[in-house]
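Below is one structure, written out as structure tokens, with a few remarks after it.
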Amino acid sequence: VQLQASGGGLVQAGGSLRLSCAASGITGDDYAIGWFRQAPGKEREVVSCIFLSDGYTYYTDFVTGRFTVSRDVAKDTVYLNMNSLRSEDTAIYYCAAERTTCQAMAIMLPSIYKYPYWGQGTLVTVSS
């Protein structure tokens, strides 16, 4: 499995960005694709997740209502639409894939669980 994240950039507070995670090599639809982020000096944390089989989605509290995760099955791509960005959203954003559920991914801390597949990360900088 290979993942390629893209779409980061510099945006003003209140602005929007769309991140993409292009996946290849995933066989079967029992995978969850998660978006994680890591700010300077902080641990990597889960932001959102989508289960490829049924499109079930998960969001952490600090992005609920602002971020939307979606998938394009034909393009094997997962998107993270980020609106109303805040300075505290500044981080490197990564996508990860695992044969699990979003409910499980929400509590599988990257500091403890070794996710097997990661994208390379894309930097999001929100200026205030």
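Just so you know, these numbers come straight off a predicted model, no measurement behind them.
The disulfide (SG to SG under 2.5 Å) pairs that include a residue from residues 59-88 number zero, where partners must be two or more places apart or lie in different chains. Applying the disulfide (SG to SG under 2.5 Å) definition to pairs two or more places apart or across chains, those involving residues 23-70 are Cys49-Cys102.
Without hydrogens or angle criteria, Thr77 side chain to Lys75 main chain gives a donor-acceptor distance under 3.5 Å. A donor-acceptor pair under 3.5 Å is absent between the side-chain atoms of Thr125 and the main chain of Thr90, judged by distance alone.
One distance of note links OG of Ser53 with CZ of Arg71; it measures 8.0 Å at 0.5 Å rounding. Rounded to the nearest 0.5 angstrom, Gln120 CD and Leu3 CG are separated by 9.0 Å. Note that CE of Met108 and CZ of Phe36 are 7.5 Å apart. Values are rounded to the nearest 0.5 Å. Here the OG1-OH distance, from Thr101 to Tyr31, works out to 14.0 Å after rounding to the nearest 0.5 Å. Rounded to the nearest 0.5 angstrom, Leu80 CG and Ile33 CD1 are separated by 12.5 Å. Distance check, rounded to the nearest 0.5 Å: OH of Tyr117 to CD of Glu98 gives 7.5 Å.
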Q: Take Thr68 and Tyr59 through the test side chain to side chain contact (heavy atoms under 4.5 Å, CB included) and record every step on the way to the result.
A: CA-CA 8 Å; Thr68 303; Tyr59 302 93; 3.8 Å; yes
Q | Test log, rule side chain to side chain contact (heavy atoms under 4.5 Å, CB included), inputs Met105 and Tyr58 | A | CA-CA 9 Å; Met105 187 172 274; Tyr58 164 82; over 6 Å; no
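Leu10 and Tyr93 fall into different hydrophobic clusters, where Ile, Leu, Val, Met, Phe, Trp and Tyr side chains are chained together by heavy-atom contacts under 4.5 Å. In terms of hydrophobic clustering, with Ile, Leu, Val, Met, Phe, Trp and Tyr side chains grouped at heavy-atom distances under 4.5 Å, Leu19 and Leu52 are assigned to a common cluster. A chain of hydrophobic side-chain contacts below 4.5 Å, direct or via other Ile, Leu, Val, Met, Phe, Trp or Tyr residues, connects Leu123 to Tyr94. Connection of Phe67 to Ile50 is established within a shared hydrophobic cluster, with ILVMFWY side chains joined at heavy-atom distances below 4.5 Å, either directly or through further cluster members.
Remark: Arg18 qualifies as a cation-pi partner of Tyr79 under the 6.0 Å distance and 45° angle criteria applied to the six-membered ring.
Taking the six-membered ring for Trp, Tyr115 and Tyr113 have ring centres closer than 6.0 Å.
Within a 6.0 Å radius of CD in Gln103, more than 12 heavy atoms belonging to other residues, nucleotides or ligands are found. The number of heavy atoms from other shown groups lying within 6.0 Å of CD (Glu88) is above 12.
Ile26 and Gly28 get closest at one heavy-atom pair: CG2-O, 3.5 Å. The two residues Ser111 and Glu43 come nearest to each other via the heavy atoms OG-OE1, 3.7 Å. Residues Met82 and Leu85 approach most closely at CB-CD2, 3.8 Å, considering heavy atoms. Counting all heavy atoms, side chain and backbone alike, Val63 lies closest to Val47 at CG2-O, 3.6 Å. A pairwise comparison of heavy atoms in Thr122 and Gly8 identifies OG1-N, 2.9 Å as the closest pair. Pairing each heavy atom of Val69 with each of Val78, the nearest pair is CG2-CG1, 3.8 Å.
Residues satisfying the salt bridge (Lys or Arg N to Asp or Glu O under 4.0 Å) test with Glu45, not counting sequence neighbours, are Arg37.
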